[in-house]
Amino acid sequence: TGLKARQQAGAFLMEGERAIRQLLPGRRQEIMEIVAVTSMSGKFPGLPLRVLEKTQFDSISAEKTPQGIAALVRLPSHVYSDKLPPLPGRRVLLLEHIQDPGNAGTLIRSAAALDYDGVIMSDKCADPFSPKAVQSSAGSLLSLWIRRSAGYLNLAGELRGKGFKLIAAALEGEHDMKPLLGHKTVLALGNEAAGLSGKILRMADYRVKIPINRQKAESLNAATSGAILM
């Protein structure tokens, strides 16, 4: 169930009927197999099906209360590479060392919902295709391109060379994001505790922060901050 196993298999497991339906109809061809208990086995006719006993299904499920249905989904190509897609789009989220898989999955879900085109992740981020991240992304993982790589700074630099503005979320940032409207942008969010590295901050074209009442709440959750900034 680890990263290497997913890479070797070229697949990951997506649990839950609702998440699977997010892949239909546009990503139907990416579903290699439906894995289900008998009572759920008729949910997706026309797709390859493997029926398991409840105890068997529960043993592979990462959920506290397994729903009894999952899809074995083909892992997108180039996820773990340093190669940008030919058409990266206009808005990209960059995650540096986001270690909680729930935060990583929720940020990807928010990026997809807010019409971002792609997500760059450092190699110290939680794997976006780990069970908790997949669960938190709620079926949106294949809605945008993802790159998780030790070369994430190079990817950010390459996008800057293509005319993108790099925006860093930082405590010493500005409140006003209006100067950035209309630009192609890469929005960078840092580690839950440490924030962004000096390297990213030095690369940034602009630094932003969310105005909050620090007497009432010292900080915001990383996934919440990302959604607000996006």
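Along the sequence shown, residues carry numbers from 1.
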Would you give me the side-chain donor-acceptor pairs under 3.5 Å for residues 110-117, sequence neighbours excluded?
unit_1 : atom_1 : unit_2 : atom_2 : d
S110   : OG     : T106   : O      : 3.1
D117   : OD2    : R90    : N      : 2.8
D117   : OD2    : R91    : N      : 3.0

(request) Find out whether S122 and L95 are in side-chain contact, i.e. whether some heavy atom of one side chain is under 4.5 Å from a heavy atom of the other. (result) no

(request) Verify, without hydrogens or angle tests, whether E192 (side chain) and D100 (backbone) share a donor-acceptor contact under 3.5 angstrom. (result) yes

(request) Look at the side-chain heavy atoms of Ile, Leu, Val, Met, Phe, Trp and Tyr, link any pair under 4.5 Å apart, and say whether W145 and V134 land in one connected group. (result) no

(message) I need the I167 CD1 to M230 CE distance, nearest 0.5 Å.
(response) 12.0 Å

(request) Taking the side chain as every heavy atom from C-beta outward, state whether R147 and L155 have any pair of such atoms under 4.5 Å apart. (result) yes

(message) If hydrophobic clusters are built from ILVMFWY residues whose side chains come within less than 4.5 Å, do I120 and I200 share one?
(response) yes

(message) Set out, in order, the CA-CA distance, both residues' side-chain angles and the distance that settles side-chain contact (heavy atoms from CB on, under 4.5 Å) for I69 and E15, then state yes or no.
(response) CA-CA 6 Å; I69 190 164; E15 293 193 58; over 6 Å; no

(request) Establish whether F57 and I20 are linked, either directly or via other cluster members, by ILVMFWY side-chain heavy-atom contacts under 4.5 Å. (result) yes

(request) Answer yes or no: is there a donor N or O on one side and an acceptor on the other, between the side chain of R27 and the main chain of L142, under 3.5 Å? (result) yes

(request) I would like to know whether E53 and V37 meet side-chain contact (heavy atoms from CB on, under 4.5 Å); could you show each step before the answer? (result) CA-CA 6 Å; E53 298 291 336; V37 298; over 6 Å; no

(request) Identify the two heavy atoms, one from A138 and one from A19, that lie closest to each other, and give their separation to 0.1 Å. (result) C-CB, 4.3 Å

(message) Test your reading of the model: is there a side-chain donor-acceptor pair from S61 to the backbone of D58, 3.5 Å cut-off?
(response) no

(message) Check whether E96 reaches the backbone of S197 with its side chain - one donor and one acceptor, N or O, closer than 3.5 Å.
(response) yes

(message) For a quick test of reading the model, state the closest non-hydrogen atom pair linking I34 to A71 and the distance between them.
(response) CD1-CB, 4.0 Å

(request) Would you indicate whether the side-chain heavy atoms of Y152 and H97 approach each other to under 4.5 Å? (result) yes

(request) Kindly indicate whether the side chain of S41, heavy atoms from C-beta on, has any atom under 4.5 Å from the side chain of L49. (result) yes

(request) Heavy atoms only: give me the nearest M32-G10 pair and the separation to one decimal. (result) SD-O, 4.4 Å

(message) If hydrophobic clusters are built from ILVMFWY residues whose side chains come within less than 4.5 Å, do L196 and V92 share one?
(response) yes

(message) Listing request: all salt bridge (charged side-chain N to carboxylate O under 4.0 Å, His left out) pairs with a residue in residues 74-86, at least two apart in sequence or in separate chains.
(response) E30-R74

(request) Please round to the nearest 0.5 Å and tell me the distance separating atom OH of Y80 and atom CD of Q7. (result) 5.5 Å

(message) Contact between I146 and P128 at the side-chain level, heavy atoms closer than 4.5 Å - yes or no?
(response) yes

(request) Supply the atom-to-atom distance K54 NZ to M40 CE, rounded to the nearest 0.5 angstrom. (result) 12.0 Å

(request) Give, for atom CG of L159 and atom CG of L166, the distance between the pair rounded to the nearest 0.5 Å. (result) 9.0 Å

(request) Would you confirm whether S136, through its side chain, and A133, through its main-chain N or O, come within 3.5 Å as a donor-acceptor pair? (result) no

(request) Heavy atoms only: give me the nearest P88-P86 pair and the separation to one decimal. (result) CD-O, 3.4 Å

(message) Between V119 and L144, is the side-chain contact (heavy atoms from CB on, under 4.5 Å) condition met? List the steps.
(response) CA-CA 7 Å; V119 180; L144 31 64; 4.0 Å; yes

(message) How long is the straight-line distance from CZ of R109 back to OG of S143, given to the nearest 0.5 Å?
(response) 11.0 Å

(message) With heavy-atom distances below 4.5 Å as the criterion, would you say the side chains of F12 and L72 are in contact?
(response) no

(request) Report yes if some heavy atom in the side chain of F129 is under 4.5 Å from a heavy atom in the side chain of L75; otherwise report no. (result) yes

(message) Looking at L23, is its backbone amide N or carbonyl O close enough to the side chain of R28 to form a donor-acceptor pair, meaning the two atoms are under 3.5 Å apart?
(response) no

(message) For a quick test of reading the model, state the closest non-hydrogen atom pair linking A104 to M121 and the distance between them.
(response) CB-CE, 4.1 Å

(request) State whether the number of non-hydrogen atoms from other residues, nucleotides or ligands found under 6.0 Å of L171 atom CG is greater than 12. (result) no

(request) Look at the side-chain heavy atoms of Ile, Leu, Val, Met, Phe, Trp and Tyr, link any pair under 4.5 Å apart, and say whether L94 and L201 land in one connected group. (result) yes

(message) I'd like to check K165 versus K184 (side-chain heavy atoms, cut-off strictly below 4.5 Å). Are they in contact?
(response) no

(request) Indicate yes or no for a side-chain donor-acceptor contact from E33 to the backbone of R50 under 3.5 Å, with no hydrogens or angles considered. (result) no

(message) Rounded at 0.5 Å granularity, tell me how far CD in Q22 sits from CD in E17.
(response) 12.0 Å

(message) Show, in sequence, the C-alpha distance, side-chain angles and deciding distance for V51 and V35, and conclude whether the side-chain contact (heavy atoms from CB on, under 4.5 Å) test is met.
(response) CA-CA 6 Å; V51 180; V35 182; over 6 Å; no

(request) Mark yes or no for whether R148, through its side chain, and C125, through its backbone, hold a donor-acceptor pair below 3.5 Å. (result) yes

(request) Using a cut-off of 6.0 Å, state whether more than 12 heavy atoms not belonging to R214 lie near its atom CZ. (result) yes

(message) I'd like to know if the side chain of N103 reaches the main chain of A222, judged simply by a donor and an acceptor atom lying under 3.5 Å from each other, with no hydrogens or angles considered.
(response) no

(request) Considering non-hydrogen atoms only, spot the tightest contact between A217 and I212 and give its length. (result) O-CD1, 3.7 Å

(message) A quick test of your reading: do over 12 heavy atoms of other residues, nucleotides or ligands sit less than 6.0 Å from CD of E218?
(response) no

(message) One thing to verify: whether R6 and D127 come together as a salt bridge, which I'm taking to mean a side-chain N less than 4.0 angstrom from a carboxylate O.
(response) yes

(request) List the steps and the verdict of salt bridge (charged side-chain N to carboxylate O under 4.0 Å, His left out) for D205 and R160. (result) CA-CA 9 Å; D205 298 291; R160 286 186 75 229; 2.8 Å; yes

(request) Would you sort out whether K209 and E172 count as a salt bridge (charged side-chain N to carboxylate O under 4.0 Å, His left out), showing the intermediate values? (result) CA-CA 7 Å; K209 67 177 177 181; E172 66 277 17; over 6 Å; no

